[in-house]
Structure formats: structure tokens, C-alpha cells
Peer 1: 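This is the structure I have questions about; it appears just below.
Every heavy atom of this structure was used, including side-chain atoms; hydrogens, water molecules and symmetry mates were not. Residue indices begin at 1 and follow the sequence shown.
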Amino acid sequence: MPLALLALAIGAFGIGTTEFVIMGLLPEVAADYGVTIPTAGLLVTGYALGVVLGAPLMTVLGTRIPRKRMLMVLMGLFVLGNVLSALAPSFGLMLTGRVVASLAHGAFFGIGSVVAAGLVAPEKKAGAIAMMFTGLTVANVVGVPFGTFLGQSAGWRATFLVVAGLGVLGLAGIARLVPEQPRPEGVRIRHELAAFRNAQVVLAMAMTVLGFGGVFAAITYITPMMTETAGFADSSVTWLLVLFGIGMVAGNLIGGRFADRRLMPLLYVSLGSLAVVLALFTVTAHNKIAAAVTLTLIGALGFATVPPLQKRVLDQASAAPTLASAVNIGAFNLGNALAAWLGGIVIAAGFGYTAPNWAGAALAGSALVLAVVSSALERRTPTAGQAVTEAAAPRQAERATTAAAPH
């Protein structure tokens, strides 16, 4: 794998850290600004919505800029947002900083996926994408626990300053290691938007929303589930999230390895297994060891879907992949928001803290159904190459008959 992928992974590590570390620092931020925990939770919601809106917006703005330069601009925006968050004197400015940082998220992963795939041979594209996303998954094993510890020890502002430093490091790595890539000729916004008329692109994004939403239906409410149901101490939640992060890293690497070989079978297995494991979590959540093992499996199966889904979008929107790739990153965050909302509804309805697992299983199962539908449609619709071959077959047969006829 090219060394340039390391620079992309460092940027992904910083982005992953800033996205998730706020969940462990909400009490400190709320106390500092004198707001309630639910109000501080807007820092999570605001970031997610910023990703959903920023992914297409920043990608469209970057259609006239070479991809390497756009990646550098996005990392600069990320650094600015985190510095603003660290220094914000009021909660409103803190929220603004979070939104500014989030605007870089979707476009960075979307454009970065295209760049990563272009650095390697066609049969290694999913592996290259997975290598970049490894930065995001490792952030949940190293960056988030360390950032939480640092924020609780030295103040939450120190965490965001360190994350801004990671952004500077990623920016320098991209500038030094990522090769110049000229802007593709003839790229127009209308051309990029045309990819969304492809039913396979829409189906892949819907699978992203539902499949990854299944993961976050459980993870959003993991703290009360583990402390109130499984009986863990509050201090144990950190290492439980580390286990989840380890599962994410393993699943991401496995997904990247096999997506280049058997993409759709991999989606069938990972989505189907995820639905089953989430359903079982309603039972295993009552036992500490079983809960820890199940949590790791959810991380692995959930992130095993990321490289194949991202590659699926790139393959189906190959003529104009940049915007579709970025929007698919926003789809992950849309799934997070949908899952958190559904999980909150079933808990508020009195079904208990394990009820979001059933909602997650339903979401993952729905994604599996869409994968089967997508594959069936693909078998019915011949590719352009197949269509040309089939159209040429009668003419070739006619020429062969003519050549074989006696003269």
C-alpha cells in the first residue's frame, strides 16, 4: 500500500477522535458552560447534522479544485473548527466550532476514498479504502479513550487542542505524501448529480443508513445498558468502548480484504450476522462477559460493512464518484441519527434499555433485504459490456455463417 494512505489515515484518526470523544466529555463541557447534559448533547447532534449537510456542500464546492488541494483545504477547516471549539468562551461558539469541524468530515472521507482507490490497482481498491478508514476505527481504540482521559484530567479544552494538532499533522502528511492529481476534465455538478439516478447507488446508500444505523441503535445507549442492565461500574464503560473499537478495527480490515473478492456475499454475511447478534444482545446484555463479547462482535460486524458499501457506491457511480462517495459518508451519520431517535422512542415507551437492540436488529435486517434486492436487480440488468457483447453476437454469427458458406 502506498505511504500516502498513511497521511489519509492520520486525517481520519483526527476526525474520528473529534466525532466520538465529545460523548465522554459531555459532563465536563456542560458544567463549564452551565448547561444541562441534554443541551450539551446538541454538540453531538450538531456535528452529525453538519456531516450530513457538509458532505454534498463541500464536495460540490470542491469540484473545480484538484483533489489533493481540496483534501488540504478540508483538513484546514477541521483544524479551525477544533481550535474554535477549544477556545470558545460560550456554548454557542463551541457548537459553532463543532459544526465547522463537521463540514470537513463527509467530504474528506468521500474525496479521500476516491483518492485512495486511485492510488492502487483495481483489485486492491477496497483494501486501500479500508486502510484509510483504519484511522477512524483506531481512533475509537486509542484516540477517544486517551482524549477522554486527557479531558477529565487537564480539562476538555486540552483535548480539542490536541485533536487540532492531529489535523495539522494530517495536513502536512497530505501535502508531502499524496501525489498531485489533476482535476478530472469535464466534471460538472450536473454530471455528479446524475449518479443518483442510478438505482444501485441509491440502494447502496440506503443499505448504509440502515446497516450502520443498526450498530448505533445499540451503541448510543450503551452506557445505561451496561451499567443498569449488565451491572458494570461507570468506570468500566471506557474499556468496554475500547473493546468495541477493537472490533471495529478488525471488522474494517476484514471487510477491506474480502470486499475486493466477494463484495455482495460479504454484505449478506455481515448484515445478516449483525441482525442476529443485535437481537441476541437483548439477552447477553444481562451477563457481563457475554455483553463484552457481543459488544466486540457488533463493532466487527458493523464495520465489516463499511469498505464494501463505500466500494459499492464507487463502483456504481464510477463515472462521477466524488459526490456520491461523500454523500454516502453522510448516510452513515444519517443512520446514526435515525438509530438514536428510534432507540430513544422504544426506551421512552417503557421497553427497557435493551430495547434499542431490537430496533437495531430490524434496521440491519432491512439492510440485508435491500442487499438481496440490489443483487437481484443487478442480475437482471446487463452491464454496458454485456449489452455490447449481446448486441454484437447476431452480427458475429452472421459473418461466421457467410464465411463458412461455399463460394
Side-chain angles (χ1 to χ4, degrees), residues 5-32 37 40-41 43-44 47-48 51 75 78-88 94 97-98 101-102 104-105 108-109 131-173 215-216 219-220 222-223 226-227 232-253 292 295-296 298-300 302-303 306 336:
L5 292 176
L6 176 61
L8 296 176
I10 291 173
F13 179 85
I15 291 175
T17 300
T18 205
E19 179 181 15
F20 295 109
V21 76
I22 188 64
M23 298 176 186
L25 298 176
L26 282 183
E28 286 75 18
V29 174
D32 194 10
I37 293 290
L43 298 173
V44 178
Y47 188 95
V51 175
M75 287 311 300
F78 173 78
V79 171
L80 175 63
N82 280 284
V83 170
L84 180 59
S85 296
L87 303 179
M94 168 65 170
R98 291 285 292 167
S102 73
H105 185 128
F108 180 86
F109 282 107
M131 186 65 68
M132 183 186 71
F133 274 92
T134 296
L136 177 65
T137 57
V138 171
N140 285 272
V141 180
V142 179
V144 173
F146 174 76
T148 302
F149 173 77
L150 177 63
Q152 293 173 345
S153 304
W156 62 268
R157 296 178 187 273
T159 297
F160 286 97
L161 286 175
V162 170
V163 171
L166 289 172
V168 172
L169 184 61
L171 174 59
V215 175
F216 267 78
I219 297 305
T220 300
I222 197 63
T223 298
M226 293 296 94
T227 56
F232 283 104
D234 292 344
S235 58
S236 300
V237 174
T238 297
W239 69 260
L240 285 169
L241 289 176
V242 170
L243 289 179
F244 174 71
I246 291 173
M248 290 168 63
V249 173
N252 180 61
L253 293 176
L295 186 61
T296 307
I298 291 173
F303 258 77
V306 174
N336 298 353

Peer 1: Got a second to check how far F109's CZ is from L136's CG, nearest 0.5 Å?
Peer 2: 4.5 Å
Peer 1: Just how far is it from atom CD1 of I298 to atom CE of M248, taken to the nearest 0.5 Å?
Peer 2: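 Rounded to the nearest 0.5 Å, the CD1-CE separation comes to 12.5 Å.
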Peer 1: Which pair of heavy atoms, one from A88 and one from R157, lies closest together, and at what distance?
Peer 2: O-NH1, 2.9 Å
Peer 1: Taking all non-hydrogen atoms of both residues into account, name the closest pair between A164 and N82 and its distance.
Peer 2: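 For A164 versus N82, the nearest heavy atoms are CB-CB, 4.0 Å.
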Peer 1: For the CD1 atom of I22 and the CE atom of M94, what is their distance to the nearest 0.5 Å?
Peer 2: 4.0 Å
Peer 1: Of all the heavy-atom pairs spanning M131 and A9, show the shortest one and how long it is.
Peer 2: O-CB, 3.9 Å
Peer 1: Please find the pair of heavy atoms, one from F78 and one from T18, that lie closest to each other, and give the distance.
Peer 2: CE1-CG2, 3.4 Å
Peer 1: Mind checking the CZ-CG spacing from F303 to L253? Nearest 0.5 Å is all I need.
Peer 2: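 Between atom CZ of F303 and atom CG of L253 there are 11.5 Å.
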Peer 1: Can you label the angle between the Y47 ring and the H105 ring as parallel, tilted or perpendicular, going by 30° and 60°?
Peer 2: perpendicular
Peer 1: Are the side chain of T296 and the backbone N or O of A292 linked by a donor-acceptor pair below 3.5 Å?
Peer 2: yes
Peer 1: From L8 CG over to T134 OG1, what is the distance, rounded to the nearest 0.5 angstrom?
Peer 2: 11.5 Å
Peer 1: Which donor-acceptor pairs under 3.5 Å do side chains of residues 144-155 form with protein atoms, sequence neighbours excluded?
Peer 2:
{"from": "T148", "atom 1": "OG1", "to": "V144", "atom 2": "O", "distance (Å)": "2.8"}
{"from": "S153", "atom 1": "OG", "to": "F149", "atom 2": "O", "distance (Å)": "2.8"}

Peer 1: Shortest non-hydrogen contact from G14 to V163?
Peer 2: O-CG1, 3.8 Å
Peer 1: Quick check: closest heavy atoms across R98 and S85, and the distance to 0.1 Å?
Peer 2: N-OG, 3.4 Å
Peer 1: Could you grab the distance from atom CG of L166 to atom CG of L171, nearest 0.5 Å is fine?
Peer 2: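 L166 atom CG to L171 atom CG measures 12.5 Å (nearest 0.5 Å).
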